[in-house]
Amino acid sequence: MNNWQAWAALAVFAAAYVLIITEWVHRVAAALGGAALMLALRATDDESAFFSTGSGIDWNVIFLLMGMMMIVGVLRRTGLFEYLAIWAVKRGRARPFRVMAMLMVITAVASALLDNVTTVLLVAPVTLLVCERLALKAAPFLIAEVLASNVGGIATLVGDPPNIIIASRAGLTFNDFLVHLAPLAVVLTAVLVAMCRFMFRRFFVYDEDRAAEVMSLNEREAIHDPRLLVQGLAVLALVIAGFVLHPVVHYAPSVVALLGAGVLVAVSKVEVKDVLGEVEWPTLAFFAGLFIMVGALIETGVIGTVSRALADATGGNALTSVMTLLGASAVLSAIVDNIPYVATMAPITADLVHTVGEPHGTTLWWALALGADLGGNATAIGASANVVVLGIAERNRTPITFWTFTRYGIPVTIVTIAISALYLWLRYFALAA
């Protein structure tokens with residue numbers, strides 16, 4: 001990192017990050033403004049920003065989000081989310097914490113089977129309706145669910161995009177993730193539910209009249225377009241099957257989502273302009289700007305320098321390497337999106353694996369996955385799911401500020417990373433000795 005463009009890129013990113021944190025300007029304006037400056041300073045170029053798979057806009061993420069937003073937008077018109085909201089409240093006996101805990105567990109499990117962004121796109125509308133019915137603040141519920149989605153996503157290869165990158169680089173299978181990380185995901189989900197009981201306790205206000213009103217409702221009456229519901233659920237099932245069968249069919253998740261959205265629009269009678277109106281365009285624009293800024297840091301060598309320093313600092317000791325990689329990945333993934341971070345760190349981790357050797361080489365990949373996935377919970381821009389939920393909240397006039405999210409995200413990250421460190425030490429060092 002010995003050129004002026006690297007320092008300029010770092011300065012622009014830092015300035016944009018400050019604007020996002022302080023909310024002096026809208027986060028979309030800060031991200032797009034920062035991206036424009038990166039291009040103007042030639043810290044990156046149009047080829048790298050728009051067409052590079054390693055240091056530009058991740059169009060797979062953008063089009064995955066777009067396709068799923070369109071599908072969710074059609075399903076919203078059927079009354080499905082009202083049905084699920086009433087069902088969830090009745091199963092939780094209208095008690096706020098019970099309802100939150102149930103929604104968190106559902107989110108964590110779903111995030112292990114789908115990617116966590118798709119999961120929050122499906123769960124967030126239900127949550128907003130639940131909170132409206134019970135006269136509760138929606139922000140704590142949305143924050144709890146996105147934290148649960150990132151925790152649940154560590155369990156499988158498809159749960160979080162960084163896991164896919166790691167599996168590809170390390171030659172790991174779906175079953176490898178299931179065996180090594182799913183048990184930890186179960187423990188961390190239980191810990192997270194307990195933490196939320198404490199962190200959000202002042203928001204659990206039980207309104208007896210509202211509760212009685214909801215308990216008396218018949219959820220089936222909420223479905224007002226059964227034909228469209230059948231069409232939407234059939235397409236959603238096919239899309240989910242496409243995600244799960246990716247190793248067989250070899251269609252990228254973005255392609256599967258766009259195909260599903262296209263088929264649903266074609267077979268239903270919903271106007272195209274109405275479906276496109278459901279897309280969170282500001283959220284997609286924010287992602288585009290963020291990807292360009294982080295790509296510029298990759299192009300100018302900033303992230304590579306940080307990653308190599310991390311590799312050099314471990315000195316080849318297995319336990320030191322694992323714990324350093326876990327902690328550093330958590331910190332860096334809180335600052336930059338964990339997808340480009342893992343893409344940059346994967347080859348360096350591969351070198352570190354070669355240096356450390358077996359039997360602890362593979363443990364480094366689990367440390368990278370845990371640090372990146374769980375570190376994404378620390379801030380509002382640490383993971384894609386976080387940004388999506390903030391966009392949905394803002395659109396529904398229940399905005400969640402950067403600091404509101406971070407106030408809860410940092411303690412959760414610290415606790416989950418500490419438990420992960422203990423898990424890695426016990427399973428792969430203490431008990432394996």
Side-chain angles (χ1 to χ4, degrees), residues 1 54 150-151 153-155 157 159-172 176-177 179-185 187-188 294 297-298 301-379 382-383 410 412-433:
M1 194 174 127
N150 290 326
V151 169
I154 72 174
L157 187 153
D160 214 353
N163 293 5
I164 299 174
I165 299 171
I166 290 169
S168 175
R169 184 78 189 193
L172 299 169
D176 288 331
F177 277 84
V179 169
H180 290 271
L181 297 188
L184 178 60
V187 173
L188 293 181
V294 174
L297 296 182
I298 295 173
V302 174
I303 290 182
T305 299
V306 174
S307 299
R308 283 190 296 274
L310 171 64
D312 292 340
T314 61
N317 178 272
L319 181 59
T320 301
S321 299
V322 167
M323 294 305 165
T324 302
L325 186 59
L326 175 69
S329 296
V331 172
L332 292 173
S333 292
I335 299 172
V336 299
D337 187 273
N338 53 18
I339 297 173
Y341 167 75
V342 169
T344 304
M345 195 61 196
I348 297 170
T349 303
D351 290 340
L352 197 57
V353 168
H354 179 72
T355 301
V356 170
E358 296 300 337
H360 299 304
T362 306
T363 311
L364 289 166
W365 293 114
W366 305 134
L368 177 62
L370 291 170
D373 294 349
L374 298 175
N377 269 336
T379 68
I410 287 180
V412 168
T413 299
I414 291 172
V415 171
T416 54
I417 289 295
I419 294 173
S420 298
L422 179 62
Y423 172 82
L424 291 173
W425 175 71
L426 280 173
R427 180 163 182 176
Y428 302 107
F429 291 91
L431 298 180

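If you read the sequence from its start, that first residue is 1, and numbering goes on from there.
Residues Ala421 and Met323 come closest through the heavy atom pair O-CE, 3.2 Å. Listed here is the closest heavy atom pair of Thr413 and Gly375: CG2-CA, 4.0 Å. Ser329 approaches Leu368 most closely through the heavy-atom pair OG-CD1, 3.5 Å. Considering every non-hydrogen atom in both Thr363 and Val322, the closest pair reads CG2-CG2, 3.9 Å. When all heavy atoms of Phe429 and Leu424 are compared, the closest pair comes out as CD1-O, 3.6 Å. When all heavy atoms of Leu374 and Ser420 are compared, the closest pair comes out as CD1-OG, 3.2 Å.
Of the possible donor and acceptor atoms, one in the side chain of Thr379 sits under 3.5 Å from a partner among the backbone N and O of Ala334. Ser333 contributes no side-chain N or O that, together with a main-chain N or O of Ala330, makes up a donor-acceptor pair within less than 3.5 Å. Although no hydrogens or angles enter the test, the distance criterion places a donor-acceptor pair under 3.5 Å between the side chain of Asn163 and the main chain of Gly153.
Of the candidates Asp176, Leu172, Val353, Leu172 is the only one forming a side-chain contact (heavy atoms from CB on, under 4.5 Å) with Thr362.
The OG1 atom of Thr416 sits 6.5 Å away from the CG atom of Asn377 when rounded to the nearest 0.5 Å. Atom CG of Asp160 and atom CG of Leu370 lie 11.0 Å apart (nearest 0.5 Å). Taken to the nearest 0.5 Å, the CG atom of Leu181 stands 5.0 Å off from the CH2 atom of Trp366.
In this structure, Tyr428 and His180 have parallel ring planes: the angle between them is below the 30° cut-off, well short of the 60° mark.
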inquiry  = Please evaluate residues Thr349 and Ile166 with respect to the criterion side-chain contact (heavy atoms from CB on, under 4.5 Å), reporting the C-alpha separation (whole Å), side-chain torsions for both, the decisive distance (0.1 Å), and the verdict.
reply    = CA-CA 10 Å; Thr349 303; Ile166 290 169; over 6 Å; no

